[in-house]
Amino acid sequence: MRLLLVADLHYSLPQFDWVLDIAADFDVVVMAGDHLDLASMVDGRAQSVVVRKYFDRLRAKTRVLTCSGNHDLDAKNDAGEKFAKWLSGSLPEGVLSDGQSIVIDGTLFTACPWWDGPIVRAEIGTQLAEASNQRADRWIWLHHAPPAKSPTSWGGDRYFGDVELREWIEQYRPDMVLSGHVHQSPFVKDGSWVDRIGPTWVFNTGQQFGAPPAHIIIDTDAGEALWFSSAGNQYVRLDQPLERPVPKLTAIPPWLKAADQPHLPGQA
Ligand SMILES: [Zn+2]
Ligand SMILES: [Zn+2]
């Protein structure tokens, strides 16, 4: 399975267009939250209409898996906790989102919502407990915030990660957790786009302006995860222990088709 991970597009339409352009080269495209931007001049409802149209166009090309981030919250539950109503329920068919799980080619994907309070947080606990019963060969979580005390949530002077997520990872030991949220983590000293907690690989794409967005390509057959960004490209082998510093990607692996990497240095 070949997977593209992006997060924190924050209503950057050139970045959405870039994802749309290369989506067909991937079995799965994961968009791990903060699709919208609270600081945008464009009204939040109008943003969500545009992004749903992108989801619709993307699902014509591949499987689309999403979850909410803290910029995506447009409603409140009875307890006054914010949640992403526009990402629940009525998404285009074939687009996975908050609270849902799906098995694709032997991999169980579970999409967790952003939690704003104890009710939604408890719902995630229930969701993971239930999903653990249908665990497949591989289990991958989408969770916008990365775990606490990880280089993937290091902001340069403190950690911004999720304490409960870290506990859930230690309890369930999923194969991978796909995140975003802490935009600067991969770009600052002692931060990173990748971490390992027990057997679990944790990823945070990081955020940069313009197209392409910082992104991660994972190929489970090749057993590799590659990170592409304006600050350089790195890779890990999923069957090996994590080494730091994480090695630079100096050559394109043969499994990665030319169409997948129009953004590498020295190429048009
Ligand atoms: Zn963000
Ligand atoms: Zn965020």
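Both ligands and their constituent atoms are indexed starting at 1 by order of listing.
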**Asked** Rounded to 10°, how many degrees is the angle OD1/N70-the Zn ion (ligand 2)-NE2/H144?
**Response**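 Result: 100°, to 10°.
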
**Request:** Rounded to the nearest 10 degrees, what's the angle ND1 of H181 makes with OD2 of D34 at the Zn ion (ligand 2)? Could you check?
**Result:**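 The angle at the Zn ion (ligand 2) comes to 160°, rounded to the nearest 10°.
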
**Asked** Any idea how W139 and W141 line up, ring-wise: parallel (<30°), tilted (30 to 60°), or perpendicular (>60°)?
**Response**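 It falls in the perpendicular class, over 60°.
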
**Request:** State yes or no: are the ring centers of H35 and Y54 separated by less than 6.0 Å?
**Result:**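 No, the ring of H35 stays outside the 6.0 Å limit from the ring of Y54, centre to centre.
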
**Message:** Just to confirm my numbers, could you give the angle made at the Zn ion (ligand 1) by NE2 of H183 and OD1 of D8, rounded to 10°?
**Reply:**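 NE2 of H183 and OD1 of D8 make an angle of 90° at the Zn ion (ligand 1), to the nearest 10°.
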
**Request:** Please determine if the Zn ion (ligand 1) has an N/O/S atom from H10 lying under 2.8 Å away.
**Result:**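 So H10 counts as coordinating the Zn ion (ligand 1), yes.
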
**Prompt:** Between CH2 of W227 and CD1 of I217, what distance do you get to the nearest 0.5 Å?
**Reply:**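 So the gap between those two atoms works out to 13.5 Å.
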
**Asked** Can R158 be said to sit on top of F160's aromatic six-ring, NZ or CZ under 6.0 Å from centre and within 45° of the ring axis?
**Response**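 Relative to the ring axis of F160, which defines the angle, R158 lies inside both limits.
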
